[in-house]
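Predicted, not measured: the structure shown is a model, and the values here were computed from it. So that the names make sense, note that chain A is the first sequence line, chain B the second, and so on, each numbered from 1.
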Number of protein chains: 2
Amino acid sequence: MKSDLILQTAVSHFAKEGYEGASLSKIAEEVGIKKPSIYAHYKGKDDLFLSAVQYSLHTLKAQLAAYFNSMREEPLESLLLGYFEWLAKESRDNERMKFIIRVAYFPPLKLKTEVGELFNPFFNAMHRHLTRLLRERHRHEKVLYSEDFSNAALAYLTITEGVMNELVYSGMEKYNQRLQAVWPIFWRGLIR
Amino acid sequence: MKSDLILQTAVSHFAKEGYEGASLSKIAEEVGIKKPSIYAHYKGKDDLFLSAVQYSLHTLKAQLAAYFNSMREEPLESLLLGYFEWLAKESRDNERMKFIIRVAYFPPLKLKTEVGELFNPFFNAMHRHLTRLLRERHRHEKVLYSEDFSNAALAYLTITEGVMNELVYSGMEKYNQRLQAVWPIFWRGLIR
DNA sequence: TATAACCTAACGACCGTTAGGAAGGTGGAA
DNA sequence: TTCCACCTTCCTAACGGTCGTTAGGTTATA
């Protein structure tokens, strides 16, 4: 489907150049069509951008569900630490993650509301899912130091974002450096 | 000095709209001059942008030195935790911090090299300073769990960025939420 | 007298978008 | 089965607008 090809190309361009920096001409050129042809598939730049956000979040959500499901028999530390490896692998293979992070922190001003309406439910779902996961693991394994599962989940997400930013910006090497620096400290503070 | 006023206005615009999104017309308008008058002070948009980066990093560096100096008698936890409060206060009062973070993670593609040459020494200096600080504190207080001071400093910087991102994006309330979630865990993992 | 700081006017380039039409496939009516 | 209307997808051409930038002139300051 040409429509999907446009979308994926747009994700890549928006990730690298931002909303204002990306140009429909260049996107069209990479797809192999002319600029006005995009309007046969999307109403305009805004529509294309928001579609790209929606598509990226939807894909990520499905991948996350699959990952956590595949890891449900693993010990907690493997699961939480493996999540970083999984994110790194995903980010290496495509630019969706970079796009998501960029949009989350620096959305185009005029679409800030619409972007927020797409992101907030996603982050909240992630937070809730992690909170539930920690609570259930603790019930069986009694592994955590504190029983404030919500804050523990939030802390984990904060760490995730910190190292993810490094991954997006500086690449794999510095990312691994950060992860190896922060994880032992975080894990030691988390468990009892 | 008009030149500085242009610079500060530029920082604010670049922070909110990004390099591509910011326009010299709007910057000039806010300053109270016409667009071409900017060229009496800067060679062009690139020059203005890189000057803004240099100015912001220089200012931040001076402020950081002053902060760490003023806190040199405080216990380590106060110093490290107080740094977050200090960052939050700074970010509330001006948009320099938002600009710095935005540029650090998402520089304009065509200036990525130049931006990197300005940022890398700054981050490295920060990392070295923190490493030394932790080492010296540990010598007197024997407070840390691990003696890998470099990694401890890196971990701390990672946390800082995680919560700073939240501050820049979601504002003070969610920032405090994050900080309160992540700090007890991090601190417990750091000390012995 | 020279220089810095501002102005108006205008440049070419690129932007997102629209108009209008050609090609091709699809589905229903004759 | 043939035909025609329709829709989708692409095109060329062009629109108005904004962008960063330059030329050239005026004014005030040193």
S.K.: Could you check how far CD of B:E17 sits from P of D:dT18, rounded to whole Å?
M.R.: 14 Å
S.K.: Do B:R178 and A:T158 pair up side chain to side chain, a donor and an acceptor below 3.5 Å, judged on atom types alone?
M.R.: yes
S.K.: Output the rounded distance in Å from CD1 (A:I27) to P (C:dT17).
M.R.: 11 Å
S.K.: Roughly, in whole Å, what's the span from CG in B:L48 to C1' in D:dC19?
M.R.: 15 Å
S.K.: Contact class for A:K35 (heavy atom, under 4.0 Å): base, sugar-phosphate, or nothing?
M.R.: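 Answer is base: heavy atoms of A:K35 come under 4.0 Å of a base.
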S.K.: Could you tell me how far apart A:Y39 (OH) and C:dG20 (P) are, to the nearest whole angstrom?
M.R.: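 For the pair A:Y39 OH and C:dG20 P, the rounded distance is 17 Å.
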S.K.: Using whole Å, report how far OH of A:Y19 lies from C1' of C:dC15.
M.R.: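 Going from A:Y19 (OH) to C:dC15 (C1'), I get 11 Å.
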S.K.: Please tell me if B:S25 has a side-chain N or O lying less than 4.0 Å from either OP1 or OP2 of D:dC19.
M.R.: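 Yes, B:S25 has a side-chain N/O under 4.0 Å of OP1/OP2 on D:dC19.
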S.K.: Return the minimal non-hydrogen interatomic distance between B:L87 and B:L167, and the atom names on each side.
M.R.: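 It is O-CD2, 4.3 Å.
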S.K.: Closer than 4.0 Å, any side-chain N/O of B:H41 to the OP1 or OP2 of C:dA4?
M.R.: no
S.K.: Just the rounded figure in Å: distance from P of C:dC6 to CE of B:M1.
M.R.: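 Checked: the CE to P distance equals 10 Å.
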S.K.: So, is A:S23 close to the C:dC14 phosphate, meaning a side-chain N or O under 4.0 Å from OP1 or OP2?
M.R.: no
S.K.: Run the numbers on A:F106 and A:Y19 for ring-ring contact (aromatic ring centres under 6.0 Å, His included), then give the verdict.
M.R.: CA-CA 10 Å; A:F106 303 107; A:Y19 174 83; over 10 Å; no
S.K.: At under 4.0 Å, does any side-chain N or O of B:K45 touch on OP1 or OP2 of D:dG20?
M.R.: yes
S.K.: So which of B:Y156, B:Y67, B:Y175 actually passes ring pair (Phe, Tyr, Trp, His ring centres under 6.0 Å) with B:F84?
M.R.: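 Looking at B:Y156, B:Y67, B:Y175, the match for B:F84 under the ring pair (Phe, Tyr, Trp, His ring centres under 6.0 Å) is B:Y156.
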S.K.: Check the distance between C:dC15's C1' and A:I38's CD1 and give it to me in whole angstrom.
M.R.: 12 Å
S.K.: With heavy atoms under 4.0 Å as the rule, sort A:S37 into base, sugar-phosphate or nothing.
M.R.: base
S.K.: Without decimals, in angstroms, what is the distance between B:D46 CG and D:dC19 C1'?
M.R.: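 That distance rounds to 13 Å.
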S.K.: Taking for each residue the nucleotide of DNA chain C with the nearest heavy atom, is it A:K26 or A:P36 whose nucleotide lies nearer the 5' end?
M.R.: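 Looking at the nearest nucleotide for each, A:K26 comes out on the 5' side.
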S.K.: Want to settle it: does A:G21 or A:K43 sit nearer the 5' end of DNA chain C, counting the closest nucleotide to each?
M.R.: A:G21
S.K.: Using distance alone, with no hydrogens and no angle criterion, decide if B:E30 and B:T9 have a side-chain donor and acceptor under 3.5 Å apart.
M.R.: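 No, no side-chain donor-acceptor pair sits under 3.5 Å.
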S.K.: Using a cut-off of 4.0 Å on non-hydrogen atoms, how would the nucleic acid contact of B:A22 be classed: base, sugar-phosphate, or nothing?
M.R.: sugar-phosphate
S.K.: Looking only at side-chain atoms of B:K2, point me to the closest of D:dT12, C:dC7, C:dC6.
M.R.: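 Selected nucleotide (nearest to the side chain): C:dC6.
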